[in-house]
Amino acid sequence: MSTAGVEPMAAGATALAAADGPLAAARHQLATAARELGLSDGLHELLATPRRSLTVSVPVRRDDGEVEVVEGYRVQHNYSRGPAKGGIRFHPDVDLDEVSAMAMLMTWKSALTNIPYGGAKGGVAIDPRTTSPPELERLTRRYVNEVLPLLGPEKDIPAPDVGTDEQTMAWILDTFSVNAGFSVPGVVTGKPVSLGGSAGRAGATSRGVADCALWWLERQGIAPRGATVAIQGFGKVGAHAARYLHDAGLRVVAVSDVHGGTFCAAGLDPTLLLDHLKEAGRVNDFPGGEPITNAALLAAEVDVLIPAALSGAITAENADAVRAGLIVEGANGPTTPAADAILRDRGATVIPDILANAGGVVVSYFEWVQNMQSLSWSAEEVFRRLRITMRKSFSEVVDRAGDRDVDMRHAAMAIAVERVADAHRSRGLYP
Ligand code: GLU
């Protein structure tokens, strides 16, 4: 990955950022913020390094009786502002580098939205699409057992991420609670409502993504009705974002998943597309559109592009082809630093992941607050609070970007890193 235009980092952190990959990208963003904020080299290095990383071997009994051993991870990047918080990802490409990067992003996301959490992430290198539900249950429970000492409602609180869902959270809750000897609903968020999950959690990330896009369009004086959007990824984040934006009057002209995309200049109907996906398992053969490649989707002539799949989707190789004026990062880390620079030079706006997709962890926080107080809020109450929190963060980022003449990622990172740095300074160093 290119590091052109980057000022030197602290010596130790520079060495750590030399490698390519998501962690190098996350450290690159931190280095830029650290420089802008004048952080000491020591504090910068502390924030470039996870506080705790645990790698575990997870033996899983397959349905045919064979035992397979897969790697699992839980990384707590930082917990100076509160318990570590972040999802668990099941994906064949999961590794320690990616999990560490994602844990760091969670720290900034919590700080930016000013919820009292640090950042964590977990992952297991397995493909949930080729793993049966009973295998997934055994795998989840064994993984939780291996990382059990790290978890707890005041220590580290997992949530769904790529390849996991509310059923996974229910198994985690149960495994943790059986070990504790009593029910501990606050140990995970994004769980079923029947177990203390929050109303509105399922669509929360997408609501935040859609609202960020709408608020930006409003600021530019662009009417939502007729504005066009392309969405990469039609999973938990992309599918709901498509629906909210469609309902707000935007034309969703292109959508893709791992198999490829579908395009319709007159606009796709997200509800029909979701029905089709449930039946066919893919979107590119949707009868209401024409098949397109993922590369063509990223290059679509649209007002808004939402990368809502995996990290590293927009790179130095394809950033030049991106036509959208606004990129809203539904995924974590979808734009590499080199691609970011290309988009910035072209005058495109990127609403960064730590702002755009923060709606999920914000409602996770509301879920945890309800669990800790044995309360249950209505969906309206959750949405009202979510909107207030997201709008405040959005305005803070836009204002700082305007004041300092920087892009939204720089502004968001500076606000977040400053809050975490302040917490470290106030707490001091032990011993
Ligand atoms: N996995 C989501 C994210 O990356 C949600 C995390 C959470 O709710 O803790 O933001």
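By convention here, the first residue in the shown sequence is residue 1. Atoms within a ligand are numbered from 1 in the order they appear, just like the ligands themselves. Since the model is a prediction, treat every value here as computed from it, not as a measurement.
Short contacts between ligand 1 and K85, defined as distances under 4.0 Å to a heavy atom of the residue, involve ligand atoms 7 (C), 8 (O), 9 (O). Atoms of ligand 1 lying under 4.0 Å from at least one heavy atom of G360, given by number and element, are 8 (O). In the vicinity of K121, heavy-atom distances shorter than 4.0 Å reach the ligand 1 atoms 1 (N), 4 (O). Shown in contact with N332 at under 4.0 Å from a heavy atom are these atoms of ligand 1, numbered in order with element: 4 (O). Close contacts of ligand 1 with M106, meaning ligand atoms under 4.0 Å from a residue heavy atom, involve 3 (C), 4 (O), 6 (C), 10 (O).
Residue G86 places a heavy atom less than 4.0 Å from ligand 1.
Residues D303 and T228 have side chains that bring a donor and an acceptor to within less than 3.5 angstrom of each other. Judged purely by distance below 3.5 Å, without hydrogens or angles, the side chains of N114 and K392 never pair a donor atom with an acceptor atom. Side chain to side chain, T164 and D161 fail the donor-acceptor criterion of an N or O pair below 3.5 Å. Neither side chain, R243 nor H246, offers a donor N or O lying under 3.5 Å from an acceptor on the other.
By heavy-atom distance, the residue among K109, K236, R89, M102 lying nearest atom 3 (C) of ligand 1 is K109. Among S364, P158, A84, P160, the residue whose heavy atom lies closest to atom 2 (C) of ligand 1 is P160. Counting only non-hydrogen atoms, the option in T205, D161, I354 that gets closest to atom 1 (N) of ligand 1 is D161.
E146 is not listed as a side-chain neighbour of R74, based on a closest heavy-atom distance of 4.5 Å or more.
What sits closest to atom 7 (C) of ligand 1 on the protein, heavy atoms only, is A159 CB, 3.3 Å. With hydrogens left out, the protein atom closest to atom 5 (C) of ligand 1 is R201 NH2, 3.6 Å, a heavy atom.
Judged by the 6.0 Å and 45° rule, R51 forms no cation-pi pair with Y79.
Checked by atom type and distance alone, the side chain of R346 never pairs as donor or acceptor with a backbone atom of D320 at under 3.5 Å. Counting only distance, with no hydrogens or angles, the side chain of D97 and the backbone of L23 share a donor-acceptor pair below 3.5 Å.
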